[in-house]
Amino acid sequence: MAVGCAGPQPAPPQTVEPIRVSHALGQGDPARRASTRLVVQGLDEDEAGRPQRARGSYERALQVDPTNPYAYLAMARHDLALGEPEDALDFIEQAAALFESEGLRRPEVGVHLIGLRAEALRAGGSNEEAEVYFETAGDLAPEIWGDGVLSASELR
């Protein structure tokens, strides 16, 4: 009998490199490209502490291309930072649907959707449910979700 042979070990959780909106610059038709540039501009404004200007950029991004899932993702992050979890949940759902319809719902997108949902649930008082989502997001992308928050620079 071999000592120390416990059989196959479960694989460690696979880490995922989360998306960055700036990686989507230059993709899509002219409206999508312009909209994505506005999303990046909004993230820069958020990072600089100018939430009203950021919101304006995100809203313009949605006017230019109302099907841009990155704009909804950024709006969800922005609303969570401002303490508006119910609005954020709506944006998370819209982003998820658009990523899915465009065939872009991959693990690197999913980790942000999971983590943002966790933030919204926590902000809304559903701490136990939020913890399950945070644990999943943290396992998938510990460098982003280890602190339980998605900053503008992390999404940019």
Side-chain angles (χ1 to χ4, degrees), residues 14-124 126 129-156:
Q14 179 184 0
T15 58
V16 173
E17 182 64 34
I19 62 162
R20 297 211 174 246
V21 176
S22 57
H23 293 169
L25 288 169
Q27 296 177 1
D29 64 17
R32 176 60 56 89
R33 292 192 304 270
S35 177
T36 302
R37 280 192 303 275
L38 286 165
V39 172
V40 170
Q41 179 183 342
L43 291 167
D44 289 341
E45 295 292 352
D46 258 336
E47 190 64 28
R50 295 185 289 263
Q52 296 301 334
R53 291 176 75 169
R55 179 96 183 179
S57 291
Y58 302 139
E59 288 173 349
R60 284 191 308 278
L62 289 171
Q63 289 171 348
V64 170
D65 181 0
T67 66
N68 185 346
Y70 300 102
Y72 290 96
L73 193 65
M75 285 288 281
R77 196 219 58 81
H78 178 78
D79 280 358
L80 283 168
L82 295 178
E84 300 172 13
E86 290 187 21
D87 290 340
L89 281 171
D90 290 339
F91 287 123
I92 292 165
E93 292 303 321
Q94 188 65 36
L98 289 169
F99 279 119
E100 184 74 34
S101 72
E102 293 189 13
L104 298 172
R105 184 80 184 262
R106 299 180 306 266
E108 56 270 25
V109 169
V111 71
H112 285 321
L113 297 171
I114 292 165
L116 288 171
R117 182 173 305 285
E119 276 193 75
L121 290 168
R122 179 180 61 194
S126 299
E129 188 177 2
E131 191 55 39
V132 173
Y133 283 97
F134 274 130
E135 187 175 310
T136 302
D139 286 346
L140 290 171
E143 70 286 355
I144 299 290
W145 288 104
D147 62 356
V149 176
L150 178 64
S151 72
S153 62
E154 289 171 327
L155 184 57
R156 186 190 190 287

Query raised in the report: Under the side chain to side chain contact (heavy atoms under 4.5 Å, CB included) criterion, do L43 and Y58 qualify, and how do the steps go?
Result: CA-CA 9 Å; L43 291 167; Y58 302 139; 3.3 Å; yes
**Report entry** Partner of D65 by salt bridge (charged side-chain N to carboxylate O under 4.0 Å, His left out), out of R32, R37, R33
**Finding:** R32
Query raised in the report: Under the side chain to side chain contact (heavy atoms under 4.5 Å, CB included) criterion, do S22 and L25 qualify, and how do the steps go?
Result: CA-CA 5 Å; S22 57; L25 288 169; 4.2 Å; yes
Query raised in the report: Does the side chain of V111 reach to within under 4.5 Å of the side chain of W145, using non-hydrogen atoms?
Result: yes
Query raised in the report: Could you state the interatomic distance from CG (L140) to CD (E135), rounded to the nearest 0.5 Å?
Result: 10.5 Å
Donor-acceptor pairs under 3.5 Å, side chain of residues 113-122 to any protein atom, not counting sequence neighbours: which ones?
unit_1, atom_1, unit_2, atom_2, d
R117, NH1, E93, OE2, 3.0
R117, NH2, E93, OE2, 2.2
E119, OE2, L150, N, 3.3
R122, NH2, G148, O, 3.4

**Report entry** side chain to side chain donor-acceptor pair (under 3.5 Å) partners of E45, counting only residues at least two apart
**Finding:** R50
Requested in this report: Please report the closest heavy-atom contact between S35 and V64, naming both atoms and the distance.
Outcome: N-CG1, 4.0 Å
Query raised in the report: Under 3.5 Å, side chain of Y72 to main-chain N/O of P66, donor-acceptor pair present?
Result: yes
Query raised in the report: So how far is it from E84 CD to D90 CG, rounded to the nearest 0.5 Å?
Result: 11.5 Å
Requested in this report: Looking only at non-hydrogen atoms, find the nearest pair between H78 and P51 and report the distance.
Outcome: CE1-O, 3.2 Å
Requested in this report: Determine whether H112 and I19 make a side-chain contact, defined as any pair of heavy atoms from C-beta on separated by less than 4.5 Å.
Outcome: yes
Query raised in the report: At what distance, to the nearest 0.5 angstrom, does OH of Y70 lie from CG of L98?
Result: 11.0 Å
Requested in this report: Please say whether more than 12 non-hydrogen atoms of neighbouring residues, nucleotides or ligands are located less than 6.0 Å from CD in E102.
Outcome: yes
**Report entry** Residue pairs fulfilling salt bridge (Lys or Arg N to Asp or Glu O under 4.0 Å) with at least one residue in residues 69-83, sequence neighbours excluded
**Finding:** D46-R77, R55-D79
Query raised in the report: To the nearest 0.5 Å, how far apart are CD in Q94 and CG in L62?
Result: 9.0 Å
Report task. Write down the atom of A76, the atom of I92, and the distance for their closest heavy-atom approach. Result -> CB-CG1, 3.6 Å
Query raised in the report: Does a donor on one side chain and an acceptor on the other come within less than 3.5 Å for S57 and R60?
Result: yes
